[in-house]
2 protein chains.
Amino acid sequence: MAEEKRIDKVLQVWVRLIRASDKVVRNVEATLKAKDFPPIAWYDVLLELSREGGRKLRPVELEKELLVAQYNLSRLLDRLEAAHLIERTACQGDGRGQMIALTAEGRAMQKRMWPILRDAVEEHVAANLPERDIEQLAKLLGAIGGGLRPNSCS
Amino acid sequence: MAEEKRIDKVLQVWVRLIRASDKVVRNVEATLKAKDFPPIAWYDVLLELSREGGRKLRPVELEKELLVAQYNLSRLLDRLEAAHLIERTACQGDGRGQMIALTAEGRAMQKRMWPILRDAVEEHVAANLPERDIEQLAKLLGAIGGGLRPNSCS
DNA sequence: GACATATAGATGCAATTGCATTAATGTCAA
DNA sequence: TTGACATTAATGCAATTGCATCTATATGTC
């Protein structure tokens with residue numbers, strides 16, 4: 001009986017987790033699109049590269065940071081490259097690989113997207129949650145997601 | 001400064017929410033697929049119909065319950081129908097609409113999927129969270145997601 | 001009844017995702 | 001060095017999603 005109750009609670013978390021995530025992502029994507037910005041996935045790549053200063057990253061590294069499937073990243077990079085936001089260059093030392101560099105345009109895009117994204121996230125995630133709940137939530141979600149790194153950065 | 005800190009926390013929740021949800025969904029989908037079961041989306045429809053006993057539902061109703069886009073639901077129902085898990089019948093009283101009925105096969109599928117899904121969710125969502133955290137999480141996620149209904153049912 | 005407008009559901013088409021496989025190196029042991 | 005095996009990245013193809021639009025029926029107004 002106590003077991004039954006627990007599984008019900010877990011299922012409730014399951015449903016709410018998916019719905020909350022879905023809702024928030026849709027809203028933020030919509031905000032970006034409404035202002036003619038590219039999707040969140042593009043921002044993630046641009047941010048990851050921005051964080052490295054001028055250092056170039058290899059797709060494999062991005063893959064690990066962003067938790068994107070290899071074939072999806074490959075094509076995401078195609079799109080970013082076509083939009084002149086990144087550049088692919090050969091990787092000396094490893095003939096298989098390549099280095100991904102942010103272009104000036106790419107860096108500018110990341111900077112322009114940042115405040116939009118920040119405000120959208122603040123609005124749709126934190127709506128009217130008190131500081132305490134935010135912290136609690138971060139802690140509990142961290143427990144589900146496993147090891148994660150911090151985020152943000154302009 | 002206090003503001004800065006808050007937004008950082010909110011962004012952390014944003015990142016973790018997406019990652020936790022993503023991870024959990026992928027794991028559960030993988031579990032289903034590994035046992036040759038259809039995806040979660042199918043289960044959601046089957047469960048919704050099962051809950052109604054023998055009552056048929058209209059796509060519009062499902063749409064609201066499941067929060068799926070109209071055109072996606074239309075095609076999801078195509079697939080379920082092709083798999084003989086549901087049946088579409090005319091809707092008397094409204095010539096535009098239709099009624100969706102669970103077939104015996106559909107009901108059986110829902111029943112077979114239930115324990116698999118339950119265990120997978122228990123494993124991937126609740127891994128090693130104490131009861132208290134589960135409840136906290138449900139409460140907090142509910143605050144983000146807005147009004148939600150309870151779940152589960154075999 | 002005739003018309004304007006709203007609602008239910010389907011569908012063509014483009015973009016994205018997932019899956020399986022491939023090509024090209026790299027690594028390491030014999 | 002060579003051959004077996006691992007790693008990096010790309011790609012053909014099918015399935016799914018998003019978007020815009022379309023058809024058919026309903027509803028309300030005159």
Residue list, side chain to side chain contact (heavy atoms under 4.5 Å, CB included) with A/T103, at least two apart or on another chain
A/E87, A/E105
A/R79 vs C/dA14: side-chain N/O to OP1/OP2 distance below 4.0 Å:
no
For the residue pair A/R58 and A/G97, what are the closest heavy atoms and their distance?
NH2-CA, 3.1 Å
Looking only at side-chain N and O atoms, does B/K33 come under 4.0 Å of OP1 or OP2 in C/dG18?
no
Is B/R112 positioned over the aromatic face of B/W114, cation under 6.0 angstrom from the ring centre and no more than 45 degrees off axis?
no
Mind calculating the distance between CD (B/Q92) and P (D/dA26) to the nearest angstrom?
12 Å
N/O (side chain, A/N72) to phosphate O (OP1/OP2, C/dG18) under 4.0 Å
yes
Restricting to pairs with a member in residues 72-81 of chain B, which pass salt bridge (charged side-chain N to carboxylate O under 4.0 Å, His left out), not counting sequence neighbours?
B/D78-B/R88, B/E81-B/R88
Closest-nucleotide ordering on DNA chain D, the 5'-leading residue of B/G95 and B/W42
B/W42
Whole Å only: how far is the CG atom of A/L80 from the P atom of D/dA9?
15 Å
Has A/R55 got more than 12 heavy atoms of other residues, nucleotides or ligands less than 6.0 Å from its CZ?
yes
Whole angstrom is fine here: how far is it from CG in A/L67 over to P in C/dT17?
15 Å
Take nucleotides 3-12 of chain C nucleotide by nucleotide from the 5' end and write B, S or -, depending on whether a protein heavy atom sits under 4.0 Å from the base, only from the sugar-phosphate, or from neither.
----BSBBBB
For the residue pair B/M99 and B/C91, what are the closest heavy atoms and their distance?
SD-SG, 3.8 Å
